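Inspection log for the structure reproduced underneath, given as structure tokens.
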Amino acid sequence: MTNEPESQNAPLDRSSFVVRHSSASAPGKIILCGEHAVVYNRPAIALPLHHVRAHAAVEPAKTADGFSFSAPDFGRTWLLDAKPDDPLSLFTVEVLRALGVKDMPALHVTITSAIPIASGMGSGAAVATALVRALANRFGATLTNEQISALVYENERRLHGMPSGIDNTVIAFERPVWFEREQTLSPPSSSVQFIPIASPFTLLIADTGVRSATKLPIGDLRRRWQAESADYEALFDQVGEIAHAVRAALASGEIVALGSLLDRNHMLLQQLGVSSPELDQLVQVAKDAGALGAKLSGAGWGGVMLALVTAQIQQRVADALQSAGATQVLATVVEAVLEQQ
Ligand code: MEV
């Protein structure tokens with residue numbers, strides 16, 4: 001495919017007429033259990049956050065400047081040619097190449113996002129996914145979720161060094177996923193399963209307000225694992241066992257059991273050295289206010305924690321988290337998912 005008009009005889013030039021302005025969105029995500037251990041080939045479960053999204057809108061360039069971006073939520077505007085090494089510039093060039101677009105088109109991309117950056121909610125992967133979808137729409141291409149996930153994975157790899165692939169997967173498929181990486185560096189699609197959830201449950205997601213780049217705790221843990229691999233492998237095994245137990249609890253609707261498993265996962269994340277005083281405080285506050293379970297979520301050292309709540313205690317826990325200094329508290333209902341879907 002190219003960005004040239006299809007042919008002189010074509011009844012409609014889709015690229016320059018029908019699809020002049022295209023937009024797309026992608027959700028944020030939350031890791032329910034298994035973060036970090038998933039990088040070391042243990043299973044993890046992630047959930048899409050349907051109502052917290054990133055958007056990308058592609059329209060013809062308004063000036064003669066070529067390809068440009070504006071990201072008002074991040075306070076940024078730039079020209080691709082002026083910042084070719086910007087991660088989104090590099091990614092856009094890769095996506096256009098994958099779409100078969102030969103000459104750099106004159107387009108303007110506007111990116112907006114309600115997902116806080118460096119918070120464990122998948123902001124980078126969601127922006128990249130929305131951008132791929134919007135560009136694919138603009139050029140009339142149909143990409144599968146696997147293809148989108150694979151493109152975004154390469155971007156994640158550039159940004160984070162050694163991502164497991166769970167973030168791009170849950171965001172591209174927008175479904176609860178069981179993710180288990182194989183012994184390779186790229187994420188094979190066979191390691192992804194869509195898990196049944198017998199009964200809906202509510203999570204509160206509280207932001208510490210501390211921003212921590214994903215690659216920092218991952219790199220730190222990697223160095224400690226290299227020095228004492230047997231100890232860390234044993235901790236990863238325990239996290240993996242919890243992921244299996246969480247999957248069983250979700251399948252049978254045992255919400256109280258799910259809460260205890262989340263608590264145990266948090267203790268293991270503390271032992272892995274990826275929690276922080278702010279995260280531990282919010283976890284404790286949620287538990288004291290009656291949450292069934294609570295843990296940090298994502299890479300840690302900052303970002304968000306989650307708390308499993310019933311309808312009766314939801315408000316009390318949310319108020320307690322806010323009083324303890326959470327900068328934002330979101331509630332998300334994880335809907336039931338049937339086995340066959
Ligand atoms: C980040 O959302 C989850 C981590 O396990 C990293 C990864 O899986 O790529 C910390």
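Quick caveat: nothing in here was measured; it's all calculated off a predicted structure. Start at 1 with the first residue, then count along the sequence. Below, all heavy atoms of this structure are taken into account, side chains as well, without hydrogens, waters or symmetry copies.
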Using side-chain heavy atoms (C-beta onward) and a distance below 4.5 Å, is [X] in contact with [Y]?
X	Y	result
Val52	Ile205	no
Phe201	Leu292	no
Pro217	His36	yes
Val309	Leu203	no
Ile197	Pro176	yes
Arg175	Leu47	no
Phe69	Thr110	no
Leu330	Met121	yes

Smallest separation among heavy atoms of [X] and [Y], with atom names:
X	Y	result
Ile30	Ser297	CG1-OG, 3.3 Å
Ala130	Ala54	CB-O, 3.7 Å
Pro87	Leu159	CB-CD2, 3.7 Å
Gly302	Ser276	N-OG, 4.3 Å
Ala136	Leu143	CB-CD1, 4.0 Å
Ala198	Ser252	CB-C, 3.8 Å

Exam field: side chain [X] to backbone [Y], donor-acceptor pair closer than 3.5 Å:
X	Y	value
Asp73	Ser113	yes
Arg316	Ala289	yes
Asp167	Lys29	no
Thr327	Asp207	yes
Thr208	Gly303	yes
Ser23	Ala56	no
Ser70	Pro72	no
Trp301	Gly273	yes
Arg224	Leu272	yes
Ser119	Pro116	yes

Grouping I, L, V, M, F, W and Y whenever their side-chain heavy atoms are under 4.5 Å apart, do [X] and [Y] come out in a common cluster?
X	Y	answer
Leu32	Val337	yes
Val93	Leu99	yes
Leu321	Val210	no
Val333	Ile45	no
Leu135	Leu79	no

To the nearest 0.5 Å, what is the distance between [atom1] ([X]) and [atom2] ([Y])?
X	Y	atom1	atom2	value
Glu59	Leu107	CD	CG	9.0 Å
Gln322	Leu282	CD	CG	10.5 Å
Leu261	His266	CG	NE2	15.0 Å
Leu306	Ile31	CG	CD1	10.0 Å
Asp319	Ile313	CG	CD1	11.5 Å
Leu262	Met267	CG	CE	11.5 Å

Assess whether a salt bridge exists between [X] and [Y], defined as any Lys/Arg side-chain N lying under 4.0 Å from an Asp/Glu carboxylate O.
X	Y	answer
Glu174	Arg53	yes
Glu94	Arg97	no
Glu35	Lys295	yes

Step by step, work out the side-chain contact (heavy atoms from CB on, under 4.5 Å) result for Trp78 and Ser68.
CA-CA 6 Å; Trp78 73 103; Ser68 60; over 6 Å; no
Sole candidate of Thr129, Asn168, Thr144 that passes side-chain hydrogen bond (donor to acceptor under 3.5 Å, both in side chains) when paired with Ser149:
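Passing option: Asn168.
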All pairs passing salt bridge (charged side-chain N to carboxylate O under 4.0 Å, His left out) where residues 244-271 contributes a residue, at least two apart:
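Sorted pair list: Asp263-Lys287.
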Does any pair with a residue in residues 75-87 pass salt bridge (charged side-chain N to carboxylate O under 4.0 Å, His left out), and if so which ones, sequence neighbours excluded?
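Output for this query lists Arg76-Asp86.
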Applying side-chain contact (heavy atoms from CB on, under 4.5 Å) between Leu308 and each of Val317, Val334, Ile255, report the one that passes.
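Answer to the side-chain contact (heavy atoms from CB on, under 4.5 Å) test with Leu308 among Val317, Val334, Ile255: Ile255.
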Phe173: what forms a ring pair (Phe, Tyr, Trp, His ring centres under 6.0 Å) with it, not counting sequence neighbours?
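So Phe173 forms a ring pair (Phe, Tyr, Trp, His ring centres under 6.0 Å) with Phe194.
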Does the side-chain contact (heavy atoms from CB on, under 4.5 Å) test come out yes or no for Arg42 and Tyr40, once each step is laid out?
CA-CA 6 Å; Arg42 272 54 165 204; Tyr40 298 82; 3.9 Å; yes
Strictly by modelled atom types, are [X] and [Y] linked by a side-chain donor-acceptor pair under 3.5 Å?
X	Y	result
Asp280	Gln284	no
Arg222	Tyr232	no
His55	Thr112	no

Can you list the steps and then say if Tyr153 with Thr169 is a side-chain contact (heavy atoms from CB on, under 4.5 Å)?
CA-CA 8 Å; Tyr153 178 73; Thr169 302; over 6 Å; no
Before we go on, tell me: are the rings of Trp178 and His244 under 6.0 Å apart, centre to centre?
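Ring centroids of Trp178 and His244 are less than 6.0 Å from each other.
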Please assess Phe139 against Val101 for the test side-chain contact (heavy atoms from CB on, under 4.5 Å), listing each intermediate value before the final yes or no.
CA-CA 8 Å; Phe139 291 100; Val101 178; 3.8 Å; yes
